[in-house]
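To keep things clear, I will list the structure first and then write my remarks on it.
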Amino acid sequence: MDVSPFHDGHALLRERYAELGLHHLLPLDRVLVAVRSTRPGAFGGFHHPNQGYRYLQMQAVITMYGGMNEAVPEAPALAVLDLLRAYAHDCLHYGSYRSYQLHGGEVVRTQYGLNFRRQDGRSYSAPDRGTSPTTRNIGVVMEGACDRESRSITRRTAATHGGTAAGINGFAFRDVTGQLDSADAVELAGAPKDPASESTTYLASMGRYEANVNTRYRAFLAEIGQAEAEDLHSLILSSTISGDMTLLCAWLDCRHGPGTFAAMFMAPGYLSVSGSIDLGGLTLAS
């Protein structure tokens with residue numbers, strides 16, 4: 001297999017992430033990649049169930065794209081791009097700011113990136129409604145920002161090395177390079193599911209992720225960022241890495257009025273009657 005696209009992409013993401021404030025990437029020896037499976041019909045890739053970064057173990061668990069019952073991937077170039085997308089994505093999760101506090105003998109994660117959580121487990125923002133075309137959920141915003149950036153790096157790498165595909169591999173290629181659209185998301189999410197075929201289940205998962213995360217995040221950037229969407233995207237990522245909300249909140253306040261972040265994202269009832277929360281240096285009080 002030609003793995004040079006991964007190394008070229010690694011150089012791109014190292015430079016880009018340093019610009020965003022992330023100077024220490026997820027160490028490669030903390031990345032576990034499953035390349036074979038004893039389960040008949042197993043199909044791996046970014047949308048494989050339970051794949052991703054584990055915070056407590058500080059490890060990424062990744063599967064090689066494609067059928068996992070063969071000695072080598074049937075689409076090796078695509079498998080390498082999929083690995084690059086997954087690694088670039090998990091680097092951002094690894095580098096996201098986190099704070100923990102001890103409450104009643106239990107450790108509670110009170111901040112992750114832009115998101116906050118009360119001691120009782122209540123999250124700062126509420127889930128999006130199922131039919132919403134955009135998002136007001138901080139978790140979706142951060143996940144969408146991480147995937148937009150990782151797919152941008154993968155797309156730049158693919159443009160240098162070339163590559164295209166058809167069928168399921170065609171969807172996967174457009175997915176890893178950020179070229180799926182809302183029509184693709186609807187088609188994939190609504191495709192008939194064959195319990196005997198993990199590949200069709202994989203496509204359905206791809207469609208749901210595109211519709212619920214990436215499509216909503218694109219709409220959010222266009223709606224809130226408008227002509228400055230890319231500047232907003234970079235601010236979201238740099239704030240997620242640093243945990244400091246000052247510049248992001250100032251950017252939003254300047255364009256949409258004072259207190260935009262809380263008005264946009266904070267769920268009703270998140271603050272108690274006398275509650276307050278420190279938003280990375282900015283304090284909100286009820």
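Below, each value reflects all heavy atoms present in this structure, side chains not excepted, and no hydrogens, waters or symmetry copies.
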Hey, does [Y] have a side-chain heavy atom less than 4.5 Å from the side chain of [X]?
X: Tyr209; Y: Asp147; answer: yes
X: Ser125; Y: Arg136; answer: no
X: Asn212; Y: Val140; answer: no
X: Val33; Y: Thr63; answer: no
X: Met206; Y: Leu188; answer: yes
X: Ile62; Y: Val31; answer: yes
X: Tyr124; Y: Phe261; answer: yes
X: Met68; Y: Phe43; answer: no

Least distance between heavy atoms, [X] atom then [Y] atom:
X: Ala219; Y: Pro133; answer: CB-O, 3.4 Å
X: Gly144; Y: Asn214; answer: O-OD1, 4.2 Å
X: Ala126; Y: Ala267; answer: N-CB, 3.8 Å
X: Leu237; Y: Cys146; answer: CD2-N, 4.1 Å
X: Tyr202; Y: Gly44; answer: CE1-O, 3.7 Å
X: Gln51; Y: Ala86; answer: NE2-CB, 4.0 Å

Open item on the list: Can you confirm whether the side chains of Thr135 and Asn137 place a donor and an acceptor under 3.5 Å from each other?
Closed with: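 Their side chains do not contain a donor-acceptor pair, so the 3.5 Å distance test is not met.
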So does [Y] get a backbone contact from the side chain of [X], meaning a donor-acceptor N/O pair under 3.5 Å?
X: Glu210; Y: Ala185; value: no
X: Asp82; Y: Met64; value: no
X: His256; Y: Ile224; value: yes
X: Gln101; Y: His103; value: no
X: Asn69; Y: Pro40; value: no
X: Ser132; Y: Arg129; value: no

For [X], give me all partners under side chain to side chain donor-acceptor pair (under 3.5 Å), at least two apart in sequence or on another chain.
X: Ser234; value: Arg16
X: Thr134; value: Glu223
X: His7; value: none
X: Asn115; value: none

Mind checking the [atom1]-[atom2] spacing from [X] to [Y]? Nearest 0.5 Å is all I need.
X: Leu84; Y: Asp8; atom1: CG; atom2: CG; value: 9.5 Å
X: Leu81; Y: Arg155; atom1: CG; atom2: CZ; value: 12.0 Å
X: Leu92; Y: Leu13; atom1: CG; atom2: CG; value: 8.5 Å
X: Phe220; Y: Met264; atom1: CZ; atom2: CE; value: 5.0 Å
X: Thr240; Y: Glu143; atom1: OG1; atom2: CD; value: 11.0 Å

Open item on the list: Would you say Val61 ends up clustered with Val80 if hydrophobic residues are merged whenever their side chains have heavy atoms under 4.5 Å apart, either directly or through other cluster members?
Closed with: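 No, no single cluster joins them.
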Task: ILVMFWY network linking Ile138 to Val108, side-chain heavy atoms under 4.5 angstrom - done: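 Hydrophobic grouping puts Ile138 apart from Val108.
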Strictly by salt bridge (Lys or Arg N to Asp or Glu O under 4.0 Å), give each pair with a member in [range] just once, sequence neighbours left out.
range: residues 60-71; result: none
range: residues 90-115; result: none
range: residues 249-270; result: Glu228-Arg255
range: residues 162-177; result: Arg85-Asp175, Arg151-Asp175, Arg174-Asp184

TODO: Would you please classify the geometry between the Tyr55 ring and the Tyr53 ring as parallel, tilted or perpendicular, with 30° and 60° separating the classes?
DONE: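 Ring orientation of Tyr53 relative to Tyr55: perpendicular.
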- [ ] Evaluate the side-chain contact (heavy atoms from CB on, under 4.5 Å) criterion for residues Leu248 and Leu232: first the C-alpha distance (whole Å), next the side-chain angles of each, then the deciding distance (0.1 Å), finally the verdict.
- [x] CA-CA 8 Å; Leu248 175 60; Leu232 175 58; 3.8 Å; yes
TODO: Sort and list the pairs that fulfil ring pair (Phe, Tyr, Trp, His ring centres under 6.0 Å) and have at least one residue in residues 68-97, not counting sequence neighbours.
DONE: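 Only Phe6-Tyr87, His10-Tyr87, Phe46-His89, His89-His93 qualify under ring pair (Phe, Tyr, Trp, His ring centres under 6.0 Å).
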Task: Sequence-distant partners of Tyr100, ring-ring contact (aromatic ring centres under 6.0 Å, His included), two or more places apart - done: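 Listed in chain order: nothing, the list is empty.
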- [ ] Give a yes or no on whether Leu247 atom CG has more than 12 heavy-atom contacts from other residues, nucleotides or ligands under 6.0 Å away.
- [x]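 Count not over threshold, so no.
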Open item on the list: Can you tell me if Asn50 has over 12 outside heavy atoms packed within less than 6.0 Å of its CG?
Closed with: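 No, because the 6.0 Å sphere around CG of Asn50 holds 12 heavy atoms or fewer from other groups.
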TODO: Take Thr157 and Thr177, measure what side-chain contact (heavy atoms from CB on, under 4.5 Å) needs, and give me the verdict at the end.
DONE: CA-CA 9 Å; Thr157 303; Thr177 55; over 6 Å; no
Open item on the list: Run the side-chain contact (heavy atoms from CB on, under 4.5 Å) test against Asn169 and tell me which residues pass, sequence neighbours left out.
Closed with: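 Scan of Asn169 (side-chain contact (heavy atoms from CB on, under 4.5 Å), adjacent residues dropped) gives Tyr65, Glu74, Ala75, Leu78, Ala165.
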- [ ] Just do the side-chain contact (heavy atoms from CB on, under 4.5 Å) check on Glu230 and Arg148 with the steps written out, would you?
- [x] CA-CA 11 Å; Glu230 287 305 319; Arg148 181 185 181 90; 2.4 Å; yes
Would you give me the side-chain donor-acceptor pairs under 3.5 Å for residues 22-30, sequence neighbours excluded?
{"from": "Arg30", "atom 1": "NE", "to": "Met58", "atom 2": "O", "distance (Å)": "3.1"}
{"from": "Arg30", "atom 1": "NH2", "to": "Gln57", "atom 2": "O", "distance (Å)": "2.7"}

Task: Chi angles and distances behind the side chain to side chain donor-acceptor pair (under 3.5 Å) call for Thr110, Ser99 - done: CA-CA 6 Å; Thr110 54; Ser99 68; 3.1 Å; yes
TODO: In sequence, state the C-alpha distance, the side-chain angles, and the governing distance for Thr200 and Ile168, and then conclude on side-chain contact (heavy atoms from CB on, under 4.5 Å).
DONE: CA-CA 9 Å; Thr200 59; Ile168 182 174; over 6 Å; no
